[in-house]
Amino acid sequence: MSEPRLAKPQPLRSSRGMDACAFTWMGTPLVALASGALWWPAARLLAVADLHLGRAERLARRDGGLLPPYDTAATLDRLADAIAERDPAAVVALGDSFDDDACEPALADSDRARLTALIAGRSWTWIAGNHDPGPLSLPGEHRSQLALGALTFRHAPEPAAAPGEVAGHLHPKLRRTLGGHAISRPCFVLDARRLVLPAFGVYTGGLAIDHPALARMFDPATARAILTGRPCRALPLAPSTRAWQRD
Amino acid sequence: MPRDTPPGALPEPFAGWFARRGWTPHPHQLALLDTSAASTLLIAPTGGGKTLAGFLPSLAALARDPAPGLHTIYVSPLKALAADIRRNLATPIAEMSLPIRVEDRTGDTPSHARRRQRADPPHLLLTTPESLALMLFYADAPRIFSNISSVIVDEIHAIYESKRGDQLALALARLQTLSPGLVRTGLSATVDDPAAIATFLGPGTRVLEADPGPEPDIAILETEEPPPWAGQGGRYAARAVLDLVAAHTTTLIFINTRAQAELFFQALWAVNDAALPIGLHHGSLSREARQRVEAAMAEGALRAVVATGSLDLGIDWGAVDLVIQIGAPKNVKRLVQRIGRANHRYNAPSKAILVPSNRFELIECRAALDAVRARDLDGEPRVAAPLDVLCQHILLTACGGPFDADALYTEVTTAGPYATLPRPDFDACLDFAATGGYALRAYDRWQRLVLRDGRWQLRDPRRARLIRMNAGTIVEVETLKVRLRGGQSVLGEIEEEFAATLTPGDSFLIGGEAVRYERLREATLEVSRAATKDAKIAVFYGTKLATSTKLSHRVAGILADPSRWSDLPDHIRDWLDLQDRMSGLPRPDRLLAETFPRGPRHHLCLYGFAGRNAHQTLGLLVTRRMEAAGLAPLGFVSNDYALLIWGLEPVHDPAVLLAPERLREGLDLWLAENAVMKRTFRTAAVVAGLIEKTFPGLRKTGRQATFSSDILYDTLRRHDPGHLMLRITREEASRGLVDFGRIEEMFARVAGRIDTVHAPHVTPLAAPLLLEVGRVPIRGSGEARLIETEAAALLAEAGLAP
């Protein structure tokens, strides 16, 4: 079998004006959404990573920090928007959906009701993460990983994984200076074998894509980052040398 | 108190000691011996023995009755100053064989020494506002601090200027509760508003103003070769400065940043043919290296020291007879302080020479010299009763043990800045400390403070350690380490704001060498040695020194009035003529608007002469209009005389952007979403204890990902717009963003008379703005286009030309 090749990601603007970036990977047409979710049109499948629901509550419980307790509601707003945008038949939450095993039982009634309504009528898969290994009382299937077509969805990328791994866990973020103007945004990272999604939760930080924990997972020659936000575009992992020649 | 000496005379053994040294006590030293006033502010020039004046009453009392226990607390803004005072007190104590123990307690004090100090306190304890606040809230504080006679606040103006002052005022209120008989003494040589500092120190403070002494002898260095057009280091003047060093006994050479100090030190040695002993002193050097230089200086072994702000305050070198300031002084008060380092003898004029490092700075040096002669000191307005500091104080109080809310409120209102604090504000801070203060009461089970038997206390006493670790009001700027690629040793640190302006391949100077930026890896900037000596960017923001408002007004005044140019050297008039030929000179009743390209960016410079705050607001307004007009602004920076905006498209007609009737539309939203507000929020959130000092800086080691305080700001704005932290942010930001009235005033003055000049490159007057700190990025269509360009370059490199 020949080494898989990485097709060039192309900008895409959907009819709703949402920003997105379409690419074909493992022979599968996929769309990276500006929100940080991954859309698989043929399967009508939406994947989101690292929601970390209940994070502020966990921090208050664990070490007494009292951050604004609106993160779960804000993350569910985001998730509801992404679902309304694409109306997926299937949703895969790529693990660390809850900040720890006590967060799901502690969900506020209003948040639980919203989440249940989002799940209703769809195939919903909760992949186990390192933060939330235990079972959930919410509807949906609870699995350690999920193989569909050429893709395998799991929480943490495995160094020796077969091509087609779609994962979360690493919270990739791109910091780049574009001709003296600095940007820093969560991003997707992919090469021919592996695709890592940005963290979708509101109270999540990012790991710079050149951090060894992230960089060692990818082939530096072919890896690309796709920025979240607007515009949602693919950039090389290292800064380009052509774009910013001083005139 | 029985007196054994007539009033107005020194008691023994001090009278004899003064006589043996050939000293006569100054009137203000005698006046302070009368401790009947509960609070005194002493303003005396450097060399006037004001520190000894502050300590004399305590030394006299302890000489009579050296009972064990803490008698006097001395508070200094600098750790180094506390250590210096300890050394200076050792002489009189040893020579008079006084049975008095003196120790310092700062962040540098080892923990075993701190424990011993708590078990067996010295008579005189020398400390900083931060350390005092921590000590006051240990469980055994009431025992240690219950019988203090005196507290001395040295260089009180330096503490008063910032939130450290509010923190100290609250600590003094606490101290007064523990020791009701406490006498307060504030000391300063440079006070712009004695009444305000007196109120700050305490109710009924008497002000003693000593004879200010003779006028200082200050001049601006004239060199055969004029200063360069641009540049910051003053190296052109190394030879002339060395000649001055050779002609004096001991010279202190002040320079504004550590990097410049290193470069100038090298430049001096390069021409130092006679090998005069010259040392270097700045805050990045190791403590051992600094102490070696201090010791050599004290022995008179050095002819000169090149120093930064690390030697600004109080530290006493007897033999200094000349002070040289390299570069614009930025702030009149700091200049006066530095000049005061020369000639520590009362009634002898201090001699100082200012060395502008470029032609623009010559005007600033002239303005500063005028201000010193007019004794016109600068003070920046402070926020009244900052609530973030109060939140921290409440949390620290809880670390000391259970407290009663009513009693704490009463105590807080005895602190000068909080005298008129409304009870609802106090209650809001207490609620924030206890529950987070959210409209959504989510944390009832996890409250930080709980009410038990009518007293507030920590729910989990282990939390005290974290609260103490985060105490303090100084929120450090973000810095990145600079390291040679493939090497381990760190060359130094640069500010994140500067790092953000670099593109791989750019060269800059650090530690005296030119390096090329290769890449950013985690929080480290990797560089290689640059082949060339010519760094593209010869300066980095090694300092947050911004020119004070007062000094900028004076500069603006000189620029706007050609009749005052006659005292400027020919080369400055040439320079202003060049500005006039290339562009124009700003006139009081007109608005000069310049555009010029620089690198891949188009710049717009507006000379509003309306002050930094008004220009910052104007920057937000104009970039909003530019965004709407598709001009893709990327950022702006302001100082007191102008505003500089850069973006992707040239501005052909600035007058359209400045039409006052439409500037206000949508302003509130644009203001609230801006980087200025987010920066302000971060500082307030750290001080108040919402987030920890190490939290928002993404300074993570390993994999622990934290998230930006911007996310919290956005979340609060959306879900809890009435929250206390947002209110504090708005109040703080209102210092930096003036209301629209000032802008309208400026437009009324200009009345549409806008002079637009399209210059081919940066103009002489705009050049200093390129180096100004406090750049505000705009995250709009310009940024989107930069990303599109980078993405297109990716396709091009992959052989898929767009």
Side-chain angles (χ1 to χ4, degrees), chain A residues 8-11 21 56-57 59-71 73-74 77 108 170-171 173 175-185 199 202-208 210-213 224 227 229-236 238-247, chain B residues 435-438 440 442-443 445-448 459-460 462-463 466 499-505 519-522 599-601 634-635 690-692 698 700 702-703 705-708 711-712 715-716 718-720 723 777 779 782-784 786-798 800:
Chain A
K8 301 300 172 284
Q10 294 289 350
C21 184
E57 188 267 341
L59 292 175
R61 169 160 41 91
R62 291 273 286 255
D63 73 356
L66 299 179
L67 298 181
Y70 307 107
D71 58 320
D77 287 348
L170 293 173
H171 298 215
K173 177 186 76 175
R175 277 175 78 136
R176 181 69 51 84
T177 301
L178 305 172
H181 185 87
I183 59 166
S184 174
R185 293 189 191 175
V202 172
Y203 284 4
T204 56
L207 191 66
D210 55 4
H211 190 284
R224 300 285 182 253
L227 287 186
R230 287 176 183 223
C232 176
R233 291 292 174 273
L235 300 181
S240 79
T241 48
R242 281 193 206 174
W244 310 110
Q245 299 290 342
R246 295 282 163 104
D247 48 11
Chain B
T435 70
Y438 301 107
L440 177 67
Y443 294 139
R445 293 173 63 198
W446 317 120
Q447 277 186 210
R448 207 156 29 187
R459 175 176 62 85
D460 179 354
R462 287 171 300 182
R463 182 79 190 165
L466 264 179
T501 66
L502 294 172
T503 296
R519 63 173 180 169
L520 183 67
R521 192 169 175 133
E522 298 170 60
R601 303 280 171 267
L634 287 170
L690 175 65
I691 52 182
E692 282 148 27
L698 306 172
K700 47 192 170 291
R703 292 285 323 289
T706 56
F707 54 99
S708 152
I711 291 171
L712 298 180
T715 306
L716 269 181
R718 204 157 145 211
H719 294 271
D720 203 345
H723 191 260
R779 310 227 169 265
E783 178 172 298
L786 292 177
I787 292 168
E788 300 281 11
T789 307
E790 181 84 358
L794 166 64
L795 295 179
E797 276 166 25
L800 295 171

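Here is how names work: the chains are called A, B, and so on, in the same order as the sequence lines, proteins then strands, and each is numbered from 1. All values derive from a computational prediction rather than experimental measurement.
In this structure, chain A has a heavy atom under 4.5 Å from the side chain of B:L716, while its backbone stays farther away. Looking at B:R448, both its backbone and its side chain come within 4.5 Å of chain A, counting heavy atoms on both sides. Interface remark: A:A108 contributes no atoms to any contact with chain B (heavy atom separation under 4.5 Å). With a 4.5 Å cut-off on non-hydrogen atoms, B:R718 touches chain A through its side chain but not through its backbone. Residue contact with chain A, scored on non-hydrogen atoms closer than 4.5 Å, involves the backbone and the side chain of B:Y438 alike. Contacts of B:R779 with chain A are made by side-chain atoms alone, with heavy-atom separations under 4.5 Å and no backbone atom involved.
B:I787 is listed as a side-chain neighbour of A:R185, based on a closest heavy-atom distance under 4.5 Å. Side-chain contact between A:S184 and A:K173 is present, with at least one heavy-atom pair separated by less than 4.5 Å. No side-chain heavy atom of B:I711 sits under 4.5 Å from any side-chain heavy atom of A:T204. Using a 4.5 Å heavy-atom cutoff, the side chains of A:L59 and A:Y203 are not in contact. You'll find the side chain of B:L690 reaches within 4.5 Å of the side chain of A:P68, heavy atoms only.
Contact detail for A:L66 and A:A60: the closest heavy-atom pair is CD2-CB, 4.0 Å. Across all their heavy atoms, A:A213 and A:L207 have their closest contact at CB-CD2, 4.3 Å.
Of the listed residues (B:D720, B:D460, B:L466), the one with the most heavy-atom contacts under 4.5 Å to chain A is B:D720. If you tally non-hydrogen atom pairs under 4.5 Å between each of B:R463, B:R459, B:R445 and chain A, the highest count goes to B:R463. Of all the listed residues (B:G436, B:G782, B:A791), the one sharing the greatest number of non-hydrogen pairs under 4.5 Å with chain A is B:A791.
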